[in-house]
There are 2 protein chains.
Amino acid sequence: MVEEKRSRKTGGDRVAVICTALRRAIIERALSPGDRLPEDALGERFGVSRTIARSALGQLAAEGLVDLRRNRIAVVAVPSFEDARDIFDIRVDLERQVVRHLAGKLTEAQVKQLKAIVDAEHQARHGAEGISIRLATEFHVRLAEMTGKPVLIRYVTEICYRAGLSLAVFSRPHSSECAVNEHLELIEAIRTGPTDKACALMDEHLEAVASRALLQSSGTRSRDLMDILAPYTE
Amino acid sequence: MVEEKRSRKTGGDRVAVICTALRRAIIERALSPGDRLPEDALGERFGVSRTIARSALGQLAAEGLVDLRRNRIAVVAVPSFEDARDIFDIRVDLERQVVRHLAGKLTEAQVKQLKAIVDAEHQARHGAEGISIRLATEFHVRLAEMTGKPVLIRYVTEICYRAGLSLAVFSRPHSSECAVNEHLELIEAIRTGPTDKACALMDEHLEAVASRALLQSSGTRSRDLMDILAPYTE
DNA sequence: CATGCAGTAATTGTACACACTTTTCCTCGC
DNA sequence: GCGAGGAAAAGTGTGTACAATTACTGCATG
């Protein structure tokens, strides 16, 4: 343990650091739904006291990424199939608003930024699956950020992460490669196309993602039980 | 100080108790945007340590009802005009989903429950303004709860409270009496009418509430400054 | 061999202590 | 009178201690 005693007095929000790390671990599937998150272990891992770890868990619970049961170890949330469906329904509405605000108003710099993400997606499409999912999520989050609307950004970001978590439960074979092209088309539609056209394309895209992943498994209960148990049997 | 030493060992979530109390105080306008919420004072008021009070503030901050600045006293959030507009935009989408799920499917018991709230609204329409607003909010929250969809319930509830807070900033003359009738019409439309009709009515209702309150004040900056200062000058 | 049932270890819930920051307010020099 | 400076007060950030609860392990028992 020669580890990080860096930044003893930084004060720069350490809760946020843990939250960011965990969000990323979850979206990249380094952490699976149901995985345990003991406060002690988290604190030690990040070089902070349980107080901070606990606070981070509380925040992630508020975002729906963590389940917090009284007197019990926190676990990565395990969305039910119904939850997943509702999350995607809300997501469609929220992202339609994003597109509506952005249609025809993207700057060149913004387009370049988005294309850079799509490029990264393209390169990552044969690497670790987790990276692909994170990049796909990042694309949607960045799009939301371009609206400059804090409220919208917050909800879209949250719902995107929850959607990513839902996919971890309900889609075994990750079939997001096609999404790379869809993202490219989306950029074009938002940049040039009329608002309605762009919105429709976003709707299509999200519905496609949802049905590719969600509709195939209607077994609901038995399936997520398997998922919870999976990490313990390896 | 003969106060509450009741429930020394209840353990029943004390953070939640504080959150509920504060949410209600905010929605009823007992607390105004910008009001200070020191951890010590909160803890003492509810007979808990600062730890608990702090945790409650963290949760409310995650819900957008409290502003939490580093090393500074927490304050009741002061939504900007743009925030308010965005909140209502999102609210329209979310509540349309509620209506879509509920249209034609309300049970008699549910209708009775909703009408009870509207009755209360009617009785309270000449009493304290805060009560009216709370009841109006409760109507929408209860409606969402009837969908039985946890995710949708969570977001609708949160956005309703934030909308109520926004109204506290941007609508001086509270003109919600007409809303009582609109709520009655909504019940009927959801109970009997076709889905599209009910959705349209909800859209209208929310747009009406928003424009009655929001559109009149475009002064934005100067206005909320006045609001923040108000409680200190009395 | 399955099944209870201790007793122990692991873990959370909460209060509290102390360092550090911000705010307040009082005093002093001009 | 009035602004600058500098304690003192108020308040937050975070670690730690201890009680209470839950999880686990192994042993005795049918």
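Computed over heavy atoms, backbone and side chain alike; hydrogens, waters and symmetry mates excluded. Residue numbers begin at 1 in each chain, while the letters A, B, ... track the order of the sequences.
As rounded to whole Å, 17 Å separates atom P of D/dT21 from atom CD of A/Glu39. At whole-Å resolution of the value, CG in A/Leu42 and P in C/dT12 are 9 Å apart.
Base contact: A/Arg54 has a heavy atom under 4.0 Å from a base atom. Within 4.0 Å (heavy atoms only), B/Arg50 reaches at least one base atom of the nucleic acid.
Using a 4.5 Å heavy-atom cutoff, the side chains of A/Leu114 and A/Leu143 are in contact. No side-chain heavy atom of B/Asp83 sits under 4.5 Å from any side-chain heavy atom of A/Lys149. By the 4.5 Å heavy-atom criterion applied to side chains, A/Ile52 and A/Ile18 are counted as neighbours.
Take the nearest nucleotide of DNA chain D for A/Arg72 and for B/Ala74: the residue whose nucleotide is more 5' is B/Ala74.
Interatomic distance, CG of B/Leu57 versus CG of B/Leu22, reported as 7.0 Å (0.5 Å rounding).
Residue pairs that meet the ring pair (Phe, Tyr, Trp, His ring centres under 6.0 Å) test with at least one member in residues 83-102 of chain A, sequence neighbours left out, do not exist here.
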Short N/O separations, protein against nucleotides 6-10 of chain D, under 3.5 angstrom:
none

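Under the 30°/60° scheme for interplanar angles, the aromatic rings of A/His183 and A/Phe139 are found to lie parallel.
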